[in-house]
Amino acid sequence: MARTGEKLAEPAALDRRCFVDGKFVESDERLDIVDPATGRKIGAAHIADRAIVDKAVSAARNAAHGDWGTLGTRERTRLLRRVADGIEERFEEFLHAEISDTGKPEETARQIDIPRGAANFRVFADLIANQGAEIFQTDTPDGAGALNYAIRRPLGVVAIVCPWNLPLLLMTWKVAPAMACGNAVVVKPSEETPSTATLLAEVMHDAGIPDGAFNVVHGYGAGSAGELLVGHPGVDAVTFTGETRTGAAIQRSVADSVKPVSFELGGKNPAVVFADADLGKAVPALGRAAFANCGQVCLAPERMYVERPVYGAFVAGMKAEAEKLVPGSPYDGKTTIGPLISAAHKKKVLDYFDLAVEEGATVVAGGGVPEFGDDRDGGYFVQPTVWTGLEHTARVNREEIFGPVCSILPFDTEEEAVALANDSPYGLAATVWTENLSRGHRAAAALEVGITWVNCWFLRDLRTPFGGMKLSGLGREGGVHSLGFYSELSNICIKL
Ligand code: NAD
């Protein structure tokens, strides 16, 4: 901390280069890195052109068919655990890199983003080290039989295209299982958040990961590094987290090559609160669910259905949850809600604030922009916002906003609640609150989503299947499901 009167040194501008074949690479074209808490430019990332993407894919192919892909499981998992150690050793650097890109409160990144970045490597190293094989004994007419067993082999080169909301956590959620299975990867981080991927490249190098096994290309999506990468003929599979319409564009890019794809896409997640719920637990948990990371969590419930007898108490509770949040700079210990990621995203969320009012919402909390009277006014803050009075069919209740918002609607019966929750083009996640065990099981089984939490939210066990139904995704990752996507099974039949 600077002493009084001492001039604070300007932090060095961030310079995030691409990482190809074990070396950092510069390019002529740059994109700005902007601090979302002030709107100020704080650095730049080097945009990968076609030549850089080509080199990254070709380096990955060499590693996949050479030093990395042919490494035994024991050595491969040892190196991946060293990557986890490396993230932890440089914890503070990762923390500051993530915070400067996203503006999220320090405590959030310290408790969630960075630890999960390291955990992903350990979980998938353990999983691959301990996996068994499927074996079947098959009868044959001569009575001697046959043995069938399946071996797992890597796909080759996996392209990993990432979003900005949980940059390190969601990137490593894909990188770790892909590499654990013996694939080489080319990562395209979001243009908003290039920093932790660049730092991870240093960690990979220091851990002794062979050159070419992990590559990073920065840039935009359509017409830039993202599109060049996913459509590249040297890429064997694409895994993507981001908006549904981007997933559809990627699917079109890869259609002719019939590459395997895994998509984790958008959501419009319901919460269902029954009258027998413990509101003392439900309200704070759903306050966190709606507003954590400034609502920029794919699993956040933006629509909440509440049984009529507790509707009034629940609305009052959510208003209090929204109003107790303190917006501010990520490093201010009092801050409990940071900014949105960008000026464009702030505009999108504020447009939904206007639309909600046009569609007849009562604004119970928020609905505007906080004022600070200092440089934070240049940042991308909006108020956590609670609406009531909207029709279930309103656009605000159907479209993903991806901001700190929730719309609360009453219901009268369990059947009605399930029908309303399911009436959505999306099917990512739901959260159900009830003290009735049977109802909890029944409602969870009836909801058309990839994950339902009962009396909790965001409790994740990385061994469990994760993904979305309907427009929320394609395929499942997590535990053995990740191994399923990132490898090919070949069956071998031996006549005895
Ligand atoms: P986005 O789709 O705008 O961008 C994601 C990535 O795709 C970026 O790296 C971008 O550069 C790249 N991209 C864009 N167009 C491309 C193209 N044509 N070809 C190749 N790459 C392209 O998403 P975002 O705004 O970064 O993230 C927010 C979205 O992500 C929300 O919809 C959210 O729900 C979703 N999300 C889903 C999950 C999940 O697990 N289902 C998790 C986090 C975020």
Side-chain angles (χ1 to χ4, degrees), residues 31 36 45 47-48 53 101-102 112-113 116 159-174 186-194 196-197 216-232 235 238-255 259 261-269 292-302 340-342 344-349 399-403 405 424-430 449-451 458 460 462 464-478 481-482:
L31 59 84
I47 298 177
V53 173
D101 281 1
T102 62
I112 298 173
D113 299 68
R116 270 280 296 279
I160 301 178
V161 182
C162 309
W164 45 257
N165 61 325
L166 304 164
L168 180 72
L169 185 159
L170 289 173
M171 171 186 48
T172 52
W173 164 247
K174 309 278 195 178
V186 184
V187 175
K188 211 298 277 172
S190 168
E191 52 273 37
E192 309 286 356
T193 53
T196 42
V216 179
V217 293
H218 292 300
Y220 300 98
S224 179
E227 193 176 342
L228 289 170
L229 177 62
V230 298
H232 199 290
V235 165
V238 177
T239 182
F240 166 73
T241 307
E243 278 194 36
T244 299
R245 63 173 173 205
T246 312
I250 292 177
Q251 203 161 26
R252 285 191 290 275
S253 304
V254 302
K259 283 172 200 170
V261 291
S262 171
F263 288 162
E264 292 174 6
L265 307 177
K268 187 72 184 177
N269 309 302
N293 209 38
C294 203
Q296 302 166 117
V297 179
C298 56
L299 305 164
E302 291 190 351
L340 295 168
I341 190 70
S342 64
H345 192 49
K346 179 177 174 181
K347 178 177 181 315
K348 175 183 158 182
V349 172
E399 298 172 12
E400 182 185 50
I401 299 171
F402 219 55
V405 297
S424 167
Y426 293 101
L428 187 55
V449 289
I451 180 167
F458 207 72
R460 287 277 296 120
L462 303 182
T464 59
F466 181 82
M469 294 172 66
K470 305 185 197 168
L471 289 187
S472 290
L474 202 56
R476 294 291 179 274
E477 296 196 35
H481 309 281
S482 294

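First listed ligand is number 1; within each ligand, the first listed atom is number 1. Only a predicted model underlies this, so the values are computations on that prediction, with no experimental measurement involved.
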Should we say atom CZ of Arg460 is surrounded by more than 12 heavy atoms from elsewhere, each under 6.0 Å from it?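 Counting other residues, nucleotides and ligands, CZ of Arg460 exceeds 12 neighbours.
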By number and element, which atoms of ligand 1 are closer than 4.0 Å to a non-hydrogen atom of [X]?
X	value
Phe240	2 (O), 5 (C), 6 (C), 7 (O)
Phe466	40 (O)
Glu227	19 (N), 20 (C)

Please confirm whether the backbone N or O of [Y] pairs with a side-chain atom of [X], one donor and one acceptor, at under 3.5 Å?
X	Y	answer
Lys470	Val449	no
Thr172	Leu169	yes
Lys259	Val238	no

How does [X] reach ligand 1, by side chain, by backbone, by both or by neither, if only non-hydrogen atoms under 4.0 Å count?
X	answer
Glu400	side chain
Glu192	neither
Ile250	side chain
Leu428	side chain
Leu265	backbone
Leu229	neither
Tyr220	backbone

When you measure from [atom] to every protein heavy atom, which one gives the shortest distance, and what is it?
atom	answer
atom 27 (O) of ligand 1	Pro163 CB, 3.4 Å
atom 35 (C) of ligand 1	Gly242 O, 3.3 Å
atom 28 (C) of ligand 1	Phe402 CE2, 3.7 Å
atom 10 (C) of ligand 1	Glu191 OE1, 3.5 Å
atom 13 (N) of ligand 1	Gly221 CA, 3.4 Å
atom 25 (O) of ligand 1	Trp164 NE1, 2.9 Å
atom 42 (C) of ligand 1	Cys298 SG, 2.9 Å
atom 3 (O) of ligand 1	Thr246 OG1, 4.0 Å

Any heavy atom of [X] closer to ligand 1 than 4.0 angstrom?
X	value
Phe263	no
Cys162	yes
Pro189	yes
Ser190	yes

How long is the straight-line distance from CD1 of Ile341 back to OG1 of Thr193, given to the nearest 0.5 Å?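 Spacing of OG1 (Thr193) from CD1 (Ile341) equals 6.0 Å.
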Would you mind checking if Glu400 and Lys268 are paired as a salt bridge, meaning a charged N to carboxylate O distance below 4.0 Å?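 No, this pair does not count.
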Do Lys174 and Glu477 sit within salt-bridge range, that is, some charged N less than 4.0 Å from a carboxylate O?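 Here Lys174 pairs with Glu477 in a salt bridge, since their nearest N and O are under 4.0 Å apart.
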Modelled atom types, side-chain donor and acceptor of Trp173 and Glu264, under 3.5 Å: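 Yes, because at least one side-chain N or O of Trp173 sits under 3.5 Å from a partner of the opposite role on Glu264.
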Is there at least one pair of N or O atoms, one from Glu243 and one from ligand 1, spaced under 3.5 Å apart?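 Among all N and O atoms of Glu243, at least one is under 3.5 Å from an N or O of ligand 1.
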